[in-house]
Amino acid sequence: MNKSSRLPAPAADELAHSERLLRHLRETIAAHGPIAFSQYMERCLYAPGLGYYSAGKTKFGEAGDFVTAPELGELFARCVVHVVQPVLAMLGSEADFLELGGGSGAFAESALLALAENGILPRRYLILEPSADLRERQHGRLTAALPAEVMARVAWIDRPPEQNWRGILFANEVIDALPTTRFAMRHGEVYEEYVALDGEARLMRVDRPADALVAGAVRHVERDLGRPFEDGYRSEILPQLPYWMQAIAGSLEAGVMLFIDYGYVRREFYLPERQDGTLMAHYRHRAHGDPFYLPGLNDLTASVDFTALAEAGNNAGFAVAAYLPQAHFLIAAGLQAVFEQAYERAADDAARYSLAQQVKKLTLPDQMGERFQAMLLARGLPALPLPAELLAADQGGRL
């Protein structure tokens, strides 16, 4: 059975949309030669008007292609607020909250309502959102859901703050969508995966000798693992991660960054048996492994090497405050109490059932509980006002 017969059939307008992106990719490759896989992924996700995140299709939730933790309901955001609220309180009235990639706006809605309830609103709630389409959806949702005085604190920005600032930086499922480099080993040498056209103008994979940046990043991983990659081994790496981290966090002079994403510590990411990396395409709640299938209609992602994320944070002047699986993070962040409060407020049995389902999806090992990890990085704080349960559950030694 081929892949397309296992996946839902796209509508005619979707096919036409994918064909437009495909035409753009073909023209680019025909004019300039094969493009690096990272460039292909960047075009598939972010090409203006054509990419997955920049065209007007529902991405999140039941009607989209995948469900993120904030889409499930308010419990996730309320747990995050419980963790970061003491940091906002410590930093005082000048503290800001910056969310990278606001998704549907679900997280911002729940987080701002919880912060308002607790009387610890940030000076500004900033959303760094590259997609004009998503920005519009977020604005509509938050305007409808938030009191005017809370909404007045929300602002969208096109690039990270250039002026030094203090507060919280939050990113849920952001690193996995950074355009990733694919590398392959041949006769002990590092190659980089490119996308070319075959004789019938179909997309195909070709490998070229890696440049110094990619080869250096791969050799660093080999040294850290204490073993070379075998011939034929293929995986992902983000050589640009330290530069990206400096760009988004360089101006955060005091505060905490919280990254939540699916991934592994380095020695689990680059297992010898994981011969073809972690790249996945997501289409209508089904995952598959063909990044060339209907470009522009699939979300392309790769798991996160959390050891690399820690290194990038360290290079930017941050220390790892805690690293742990999402289930442990949420439990240490007061999930039990958050759940009980929401349960008491629930309007009916259906709402109570929904809350129970949220807890299962967020914490069970075969759902998000173990696949997703949380990393807190901090700098410039006189003390670390994080919940004692969180610090006790830290697994940073695994990094």
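Scope of the values below: all heavy atoms of this structure, side chains included, with no hydrogens, waters or symmetry mates.
- Hydrophobic clustering (side-chain heavy atoms under 4.5 Å, transitive across Ile, Leu, Val, Met, Phe, Trp, Tyr) keeps M280 apart from L294.
- We find the CD-CD distance between E74 and Q358 to be 7.0 Å, quoted to the nearest 0.5 Å.
- Between D207 and R234, at least one side-chain N (NZ, or NE/NH1/NH2) sits under 4.0 Å from a carboxylate O, which counts as a salt bridge.
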Item to check | Steps toward side chain to side chain contact (heavy atoms under 4.5 Å, CB included) verdict (E136, D133) | outcome: CA-CA 5 Å; E136 202 174 301; D133 171 54; 5.5 Å; no
Checklist entry - Yes or no on ring-ring contact (aromatic ring centres under 6.0 Å, His included) for Y293 and H288, after CA distance, side-chain angles and deciding distance? => result CA-CA 9 Å; Y293 178 68; H288 64 90; 5.5 Å; yes
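- Side-chain contact between V221 and F229 is present, with at least one heavy-atom pair separated by less than 4.5 Å.
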Item to check | Derivation of the side chain to side chain contact (heavy atoms under 4.5 Å, CB included) call for N298 and D290 | outcome: CA-CA 10 Å; N298 290 260; D290 183 1; over 6 Å; no
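- At distances below 3.5 Å, at least one donor-acceptor pair connects side-chain atoms of D261 with backbone N or O atoms of D176.
- The existence of a salt bridge linking D348 and R352 is excluded, since no basic side-chain nitrogen approaches an acidic carboxylate oxygen closer than 4.0 Å.
- A 4.5 Å side-chain heavy-atom check between S235 and F269 finds at least one atom pair inside the cut-off.
- Using a 4.0 Å cut-off between a side-chain N of Lys or Arg and a carboxylate O of Asp or Glu, E71 and K361 do not qualify as a salt bridge.
- Between R398 and E268, at least one side-chain N (NZ, or NE/NH1/NH2) sits under 4.0 Å from a carboxylate O, which counts as a salt bridge.
- Salt bridge status for D305 with R267: absent, with no side-chain N to carboxylate O gap under 4.0 Å.
- Looking at E109 and R141, a side-chain N of the basic residue comes within less than 4.0 Å of a carboxylate O on the acidic one, giving a salt bridge.
- Inspection of the Q275 and Y233 side chains reveals no N or O donor paired with an N or O acceptor under 3.5 Å.
- Taken from OH in Y52 to OG in S131, the straight-line distance is 11.0 Å, to the nearest 0.5 Å.
- Side-chain atoms of L376 and V320, non-hydrogen and from C-beta on, never get closer than 4.5 Å to each other.
- Contact check for L169 versus I248: side-chain heavy atoms found under the 4.5 Å cut-off.
- A donor-acceptor distance shorter than 3.5 angstrom exists from the side chain of R182 to the backbone of D276, with no hydrogens or angles considered.
- For the residue pair Y262/T301, the side-chain donor-acceptor check at 3.5 Å is satisfied.
- Atoms CD and CG, on Q85 and L386 in that order, are 12.5 Å from each other to the nearest 0.5 Å.
- In this structure, T28 contributes its side chain and H24 its backbone to a donor-acceptor pair below 3.5 Å.
- Checked by atom type, the side-chain pair T363/Q326 shows no donor-acceptor distance below 3.5 Å.
- One finds no salt bridge joining E236 and R274 here, because no Lys/Arg side-chain nitrogen approaches an Asp/Glu carboxylate oxygen to under 4.0 Å.
- Note: F76 and F107 have perpendicular aromatic rings, judged against thresholds of 30 and 60 degrees for the angle between ring planes.
- Looking only at side-chain heavy atoms (C-beta outward), F170 and V84 stay at 4.5 Å or farther from each other.
- A salt bridge does not link D231 to R186: none of the charged side-chain nitrogens sits closer than 4.0 Å to a carboxylate oxygen.
- Using a 4.5 Å cut-off between side-chain heavy atoms of Ile, Leu, Val, Met, Phe, Trp and Tyr, with links allowed through other members, L75 and M368 fall into the same hydrophobic cluster.
- The backbone N or O of S303 sits less than 3.5 Å from a side-chain atom of T278, completing a donor-acceptor pair.
- Remark: side-chain polar atoms of N118 are paired, donor with acceptor, to backbone N or O of A114 under 3.5 angstrom.
- Between the side chain of S38 and the backbone N or O of T181 there is no donor-acceptor pair closer than 3.5 Å.
- With hydrophobic clusters built from ILVMFWY side chains whose heavy atoms lie under 4.5 angstrom apart, F318 shares a cluster with L241.
- Expressed to the nearest 0.5 Å, how far CG of L362 lies from CD of Q367 amounts to 9.5 Å.
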Checklist entry - Are W165 and E94 close enough, and set up right, to give a side chain to side chain donor-acceptor pair (under 3.5 Å), and what steps lead you there? => result CA-CA 8 Å; W165 64 286; E94 296 298 293; over 6 Å; no
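- Of the possible polar contacts, none joining the T307 side chain to the V265 backbone as a donor-acceptor pair under 3.5 Å is found.
- For R219 and E222, the salt-bridge test passes: some basic side-chain N is under 4.0 Å from an acidic carboxylate O.
- Hydrophobic clustering (side-chain heavy atoms under 4.5 Å, transitive across Ile, Leu, Val, Met, Phe, Trp, Tyr) groups L238 together with M375.
- Residue-environment remark: CD (E340) exceeds the threshold of 12 foreign heavy atoms within 6.0 Å.
- Each of R166, R153, R123 was scored for a salt bridge (charged side-chain N to carboxylate O under 4.0 Å, His left out) with D96, with one residue passing: R123.
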Item to check | Worked check of side chain to side chain contact (heavy atoms under 4.5 Å, CB included) between L213 and Y243 | outcome: CA-CA 12 Å; L213 180 67; Y243 310 101; 3.9 Å; yes
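- For E162, the CD atom sits in a loose shell: 12 or fewer heavy atoms of surrounding residues, nucleotides or ligands are nearer than 6.0 Å.
- The backbone N or O of L297 sits nowhere less than 3.5 Å from a side-chain atom of H17 that would complete a donor-acceptor pair.
- Separating the CG atom in L88 from the OG atom in S93 is a distance of 11.5 Å, to the nearest 0.5 Å.
- Looking at R135, Q138, H139 one by one, the single match for side-chain hydrogen bond (donor to acceptor under 3.5 Å, both in side chains) with E129 turns out to be Q138.
- The minimum heavy-atom distance between M151 and L146, with the atom names listed, is SD-CD1, 4.1 Å.
- Using a 4.5 Å heavy-atom cutoff, the side chains of D394 and Y323 are in contact.
- Counting heavy atoms from C-beta on, the side chains of Q373 and V304 never come closer than 4.5 Å.
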Next on the checklist: Working note: Y194 + Y40, criterion ring-ring contact (aromatic ring centres under 6.0 Å, His included); need CA distance, chi angles, decisive distance, verdict.
Outcome noted: CA-CA 8 Å; Y194 278 70; Y40 169 79; over 10 Å; no
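- Inter-residue side-chain proximity for R379 and M257 is flagged as unmet; no heavy-atom pair is nearer than 4.5 Å.
- Surrounding CD of E273 are more than 12 heavy atoms belonging to other residues, nucleotides or ligands, all under 6.0 Å away.
- The line from CG of L300 to CZ of F292 is 10.0 Å long, rounded to the nearest 0.5 Å.
- Considering every non-hydrogen atom in both N172 and A69, the closest pair reads ND2-N, 4.4 Å.
- When the side chains of ILVMFWY residues are joined at heavy-atom separations under 4.5 Å, either directly or via intervening members, L330 and F259 end up in two distinct hydrophobic clusters.
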